[in-house]
Amino acid sequence: MILSRSHFSDYLFAECDLQDLPGALDEFCLPEGVPHLAEAIAQGFRNESLHPALHRDLQTWIFETPDVWPKCPKNVYPPTFWVFTTSASVTPNMLTLPVEVLLEIFSLLDLIDVLNISSTCTASRNFITNSEFFSMLVRELINHGSLCWVKPCPLVKGEVEQAHEPLLSWIQSNESIQLDPFTSVEFPFSTFIRYCLVESASMKSRRRLFGNVKQIQGWWDVYWAEKDTDQTGKE
């Protein structure tokens with residue numbers, strides 16, 4: 001079931017009495033508690049203004065329509081990483097490769113795998129999480145790797161046109177207005193992907209559905225591989 005973002009909160013919380021939050025939350029299974037709701041209440045939010053916090057705690061983004069690309073908000077920040085100092089003069093062999101080669105290798109991995117590689121030593125951490133390199137990495141993953149799910153699909157009618165204007169809002173100038181925003185060097189790739197992964201309910205839903213499709217594709221590949229093996233054995 002996929003519901004539109006604009007009507008989902010009304011649907012989900014229509015029968016909940018937000019004046020009696022403990023009673024309302026008894027209707028849901030919340031093993032990890034409601035940290036976002038607690039923070040929102042502490043900040044003074046009440047009634048319908050608590051909906052965004054409830055969405056995050058209840059993980060209702062899984063029901064969101066996966067085709068609402070976020071426009072660039074007023075206050076948005078790139079991901080930040082700790083910079084570690086080291087006295088070691090030894091550079092890992094991997095980091096002696098040309099940047100183009102490293103990007104080609106990392107494009108075959110998931111972003112979380114690359115970040116895991118960065119945790120192997122201080123030099124790798126500082127190199128991979130360097131803002132310039134990390135932005136190039138995310139650009140490569142979006143255009144040719146595991147983050148391709150964030151791009152509109154040309155095979156879905158109207159999706160490219162629907163995504164164009166929101167994506168252009170992330171670019172400061174209008175020089176690339178006729179181009180795919182993801183090909184622009186001015187596009188803030190690391191800032192955008194952080195927002196999609198953390199803040200955008202629609203993009204998080206899109207990522208989940210993409211994962212489901214890839215899983216089904218994997219099963220299908222295994223099925224045909226086993227079928228071909230059986231056919232070869234019979235021959």
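Keep in mind that this is a model prediction, so the values were computed, not measured.
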* **ring pair (Phe, Tyr, Trp, His ring centres under 6.0 Å) against F45, all qualifying residues, sequence neighbours excluded** => none
* To do: Kindly write out the residues that satisfy ring pair (Phe, Tyr, Trp, His ring centres under 6.0 Å) with F182, not counting sequence neighbours, or none if the list is empty.
  => F187, F192
Just so I know, are the side chains of [X] and [Y] near enough to count as touching, which here means a heavy-atom distance under 4.5 Å?
X	Y	answer
P188	P78	no
V213	L209	no
L109	L141	no
L103	M136	yes
F134	F189	no
M94	S124	yes
Y77	T191	no
F210	R207	no

Does [Y] offer a backbone N or O that forms a donor-acceptor pair with the side chain of [X] under 3.5 Å?
X	Y	answer
S205	T65	no
W69	E165	no
S184	P181	no
R194	V76	no
S200	P70	no
D110	D113	no
S118	I128	no
S135	S131	no

What is the distance from atom [atom1] of [X] to atom [atom2] of [Y], rounded to the nearest 0.5 Å?
X	Y	atom1	atom2	value
L137	E132	CG	CD	12.5 Å
I142	I193	CD1	CD1	4.5 Å
S169	H164	OG	NE2	11.0 Å

To check you understand the geometry: which heavy-atom pair defines the closest contact between [X] and [Y], and what is its length?
X	Y	answer
P66	M203	O-CE, 4.1 Å
I41	R46	O-NH1, 3.1 Å
W170	C72	NE1-N, 3.5 Å
C196	V150	SG-CG2, 3.8 Å
A53	H36	CB-O, 3.5 Å

* Report the residues that fulfil side-chain hydrogen bond (donor to acceptor under 3.5 Å, both in side chains) with N126, sequence neighbours left out, ordered by chain and then residue number. => none
* Structure fact -> side-chain hydrogen bond (donor to acceptor under 3.5 Å, both in side chains) filter on Q43, not counting sequence neighbours, yields E39
* Flag yes if V114 and L108 sit in one hydrophobic cluster, no otherwise; membership is Ile, Leu, Val, Met, Phe, Trp, Tyr, and two members link when side-chain heavy atoms are under 4.5 Å apart. => no
* **same_hphob_cluster(L102, I112) at 4.5 Å side-chain heavy-atom cutoff** => no
* Asked: Could you walk me through whether K204 and L197 pass the side chain to side chain contact (heavy atoms under 4.5 Å, CB included) check?
  -> CA-CA 6 Å; K204 287 194 286 186; L197 293 172; 5.7 Å; no
* **Pairwise side-chain hydrogen bond (donor to acceptor under 3.5 Å, both in side chains) hits with a residue in residues 209-222, at least two apart** => K214-Q217
* Structure fact -> Residues pairing under side-chain hydrogen bond (donor to acceptor under 3.5 Å, both in side chains) where one sits in residues 149-159, two or more places apart or in two chains, turn out to be N143-K151, E159-R206
